[in-house]
Amino acid sequence: MESFIFALFNGVLYGMLLFMLASGLTLIFSMMGVLNFAHASFFMLGAYFAYSISTYVGFWPALIVAPLIVGVVGALVERYGLRPVHSYGHVAELLFTFGIAYVIEEIVKMIWGQVPVPYDIPESLNFTLFAWAGLDYSAYRVFMLLVSVGIFVALFALLTKTRIGLIIRAAVSDPTHVATLGHDVPTIFMWTFGFGCALAGVAGVLGGNVLGTEPAMALQLGPIVFVVIVVGGLGSLGGALIAALLIGIIQTMAIFYDFGINAALLAVGIEIDAAGMFRDFARITTAQASPVIPYLLLVLMLIFRPRGMFGTRDV
Amino acid sequence: MTAPGTFVARYGIWIFGAVLLLIMPHVFTSSFALNLMSQMGVLIIFSLAYNMLLGQGGMLSFGHAIYFGLAGYFTIHYLNFVYDDIAPYIPVSLFPLLGGCVGLFFGTLVGYVSTRRAGTTFAMISLGFGEMVTALTLILVAIFNGEDGIQTDRVVGPEPLGISYGPNIEVYYLIAVWVLVAAAAMYALTKTPFGRMSNAVRDNPERTEFIGYNSQRIRWLAFALSSFFAGLAGSLHAINFEHVGFEQVSALTSGLVLFMAYIGGVGHFAGPVIGAVLITFLNGTLTTYTEAWQLYLGVLFVAVIMFFPGGLAGLIIMHQPIWRIDTRLLAPLTVPYLLFIGALLVSLIGFIGLVELLIYKTSRLGAAHDLTIFGITMDPSGVVPWISFAIVMAVGVYAIRKAFPVAAGAWNTAIDQARARAAQ
């Protein structure tokens, strides 16, 4: 039971990190129809900027400054890259963000190198907050959880209680209508894009030192964030939260409780003696399969329910 | 109506291609060039197959490498089985057909569930399948052997017609023959009713439904056929390298073929051929000169999307209406175009210089010796090279902004003249 709660804690933590990425992505997608391939690249930039800044002035200023820079970079990419491509249609936009993701990865490799950088947990939070049933709960992880929950609450309040939030939500559901009411929709797009990238940057600052800051991190996490927003339903923040937690918990549990197909079959009395080339099928364990689970979920969701769990329209 | 002129117009380019494929190894005789040309051939087939989806059918796939790679794995295993007398002997020359069938098999399966919609949904499903298969190649070690991949020896069994496929030149000619066959087959497909319907489904699925076609069926067929040719290319790749690894099914290869098709131009049949040849050539040669080749490739791709979405083939084709009327109308374009190309080169020199300086700065920390870029030796620790390259780039960008309207204006004038002549 204690270990279950520990795994749940880590699963929720990973899920909240995914949510921070997915919330910006789902806003951008439902507003502009652009599935931003480069979103996880901004997450990576957040981690690298935080690493570089924290070597000079420490972690706390980096936590504020790095996401701001990432947000500005995101807004610039939207203004001078994505907006001109807009007239060529959604496929061109998707290709553009794919190209940007590729370029960002190469730039990161060029500046910070191919190997992971030593971006560490800040000294002031590098201790065990409490231990329960022999398992240590790190102060930094609890801090991450608090920040991400705080961001979720603030985002929710921003979108439902303020005038800006009202306009953003209106632009999400009907951009042309909002434009005819006299709002500058392209500028709203630009700032939403930048804001979404800044949120990804926060996730990068917080997650980079736990998950590892390396050039492949964007490619590893990027597709999973797509899974989150597709499964949650496009334009649905609540759906993104639930899907993010679901995927975070499933993946963590799959690794934590390492079931094998063989063991499961043995438990019900079936013994397969697989040999030859296909022997590995019987030996797949949940820990091995955990990278596959989100994609399986994605494909099944798109085939059977393209609007996701809480979406109001299809992808 | 089969005048000699129409025969040359119709088949001239194919005969030219065949002759080119035949004599190229005698012009460039080094083993490096031979390897490069073999790779080009494989990737020409693959990117043409990819363009059946993207260009002809309007389906953007982020996971088309799985058919390429799985056919490669199958080919290697089958060769090993023949070696161990488990499987019956098939001439190596016919292996690409076998690989094509493997691609067709998986393409039919995946296509059935993924082609209901085009656009973003299709792209996401293809990404999902791509990632799943990549993950599976790392899990199912007995079949895929993880990160190491599997190997074989292509010299197996009797040697029909004295072809053993020991020397690389024989593999080159095998690939060359298949390039011609596959390209001709894919070109012929674009002329069939199916090819036309595929274009119609790309442009307006609703209207094709109204005239009685099932748009999903057509996408599915296009997907399956494209997977067949991707598998054919994958099999040739495996025979060429005698090795296949998880990179061949991964997002890396899927992205590469997308880059080739798009940079070459998805709007024209020959576009992917241009893209495959150009990028394979640059990939093979530039990697010895610079560490930033991948960055340049990415920047090129983004530039193509932003500034000339028709790709390289699109740039050529936009002059077709002019030379059809009178090739002399192209003459006034020369100077404005040369000015524009010159401006482009200047800005490229500045950009490349800055990138190389940055790489030098970050990859060899504290290195004291000098750096040579474009034959100029400089001290990278000073600010002078940085400022110089930045100025060169700024001048280049300014010149591009000035030269582009002139070049575009010249093209407009030429095409107006051509139209006026045509109307006469």
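In what follows, chains are A, B, ... by sequence order, proteins preceding strands, each numbered from 1. Quantities reported herein were computed from a predicted structural model and do not represent experimental measurements. Heavy atoms only: backbone and side chains are in, while hydrogens, waters and symmetry mates are out.
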Does any backbone or side-chain atom of B:Ala123 lie under 4.5 Å from a heavy atom of chain A? Answer side chain, backbone, both or neither. side chain

Picking from B:Val299, B:Val113, B:Val304, B:Leu138, which has the most non-hydrogen pairs under 4.5 angstrom with chain A? B:Val113

Using side-chain heavy atoms (C-beta onward) and a distance below 4.5 Å, is B:Leu256 in contact with B:Tyr50? no

Do the ring centers of A:Phe37 and B:Phe62 come within less than 6.0 Å of each other? yes

For residues 83-98 of chain A, which residue pairs qualify under salt bridge (charged side-chain N to carboxylate O under 4.0 Å, His left out), counting only residues two or more places apart or in two chains? A:Glu78-A:Arg83

Taking the side chain as every heavy atom from C-beta outward, state whether A:Val228 and A:Thr26 have any pair of such atoms under 4.5 Å apart. no

When rounded to the nearest 0.5 angstrom, what distance separates CE in B:Met124 from CG in A:Leu298? 7.5 Å

With respect to A:Ile224, which candidate in A:Ile247, A:Ile293, A:Leu297 satisfies the side chain to side chain contact (heavy atoms under 4.5 Å, CB included) definition? A:Ile247

Please check if atom OH in B:Tyr398 has more than 12 non-hydrogen atoms from other residues, nucleotides or ligands closer than 6.0 Å. no

Which atoms of B:Leu60 are under 4.5 Å from chain A, going by heavy atoms: the side chain, the backbone, both sets, or neither? side chain

Heavy-atom pairs under 4.5 Å with chain A - which of B:Ser126, B:Gly255, B:Gly298, B:Gly130 has more of them than the others? B:Gly298

Please state whether the side chain, the backbone, both or neither of A:Val292 comes within less than 4.5 Å of a heavy atom of chain B. both

Which bit of A:Tyr88 is near chain B, if near means a heavy-atom gap under 4.5 Å: side chain, backbone, both or neither? side chain

B:Val133, B:Leu252, B:Thr134, B:Leu136 screened by side chain to side chain contact (heavy atoms under 4.5 Å, CB included) with B:Phe246, the one that passes: B:Thr134

Counting only heavy atoms closer than 4.5 Å, note whether B:Phe129 contacts chain A via side chain, backbone, both or neither. both

Atom pair CG/OG of B:Leu54 and B:Ser47 - distance to nearest 0.5 Å: 11.5 Å

Between CG of A:Leu82 and CD1 of B:Ile305, what distance do you get to the nearest 0.5 Å? 10.5 Å

Side chains of residues 140-151 of chain B: which donor-acceptor partners sit under 3.5 Å, not counting sequence neighbours?
| residue | atom | partner | partner atom | Å |
| --- | --- | --- | --- | --- |
| B:Asn145 | ND2 | B:Gly149 | O | 3.0 |

So B:Phe223 and B:Phe122, do their side chains get closer than 4.5 Å, heavy atoms only? yes

Heavy-atom contacts under 4.5 Å, residues 99-108 of chain A to chain B: A:Gly99, A:Ile100, A:Tyr102, A:Val103, A:Glu106, A:Ile107

Side chain to side chain contact (heavy atoms under 4.5 Å, CB included) between B:Tyr296 and B:Val355, worked out: CA-CA 9 Å; B:Tyr296 298 137; B:Val355 169; 3.4 Å; yes

Residues 257-268 of chain B vs chain A, non-hydrogen distance cutoff under 4.5 Å, contacting residues -> B:Leu258, B:Phe259, B:Tyr262

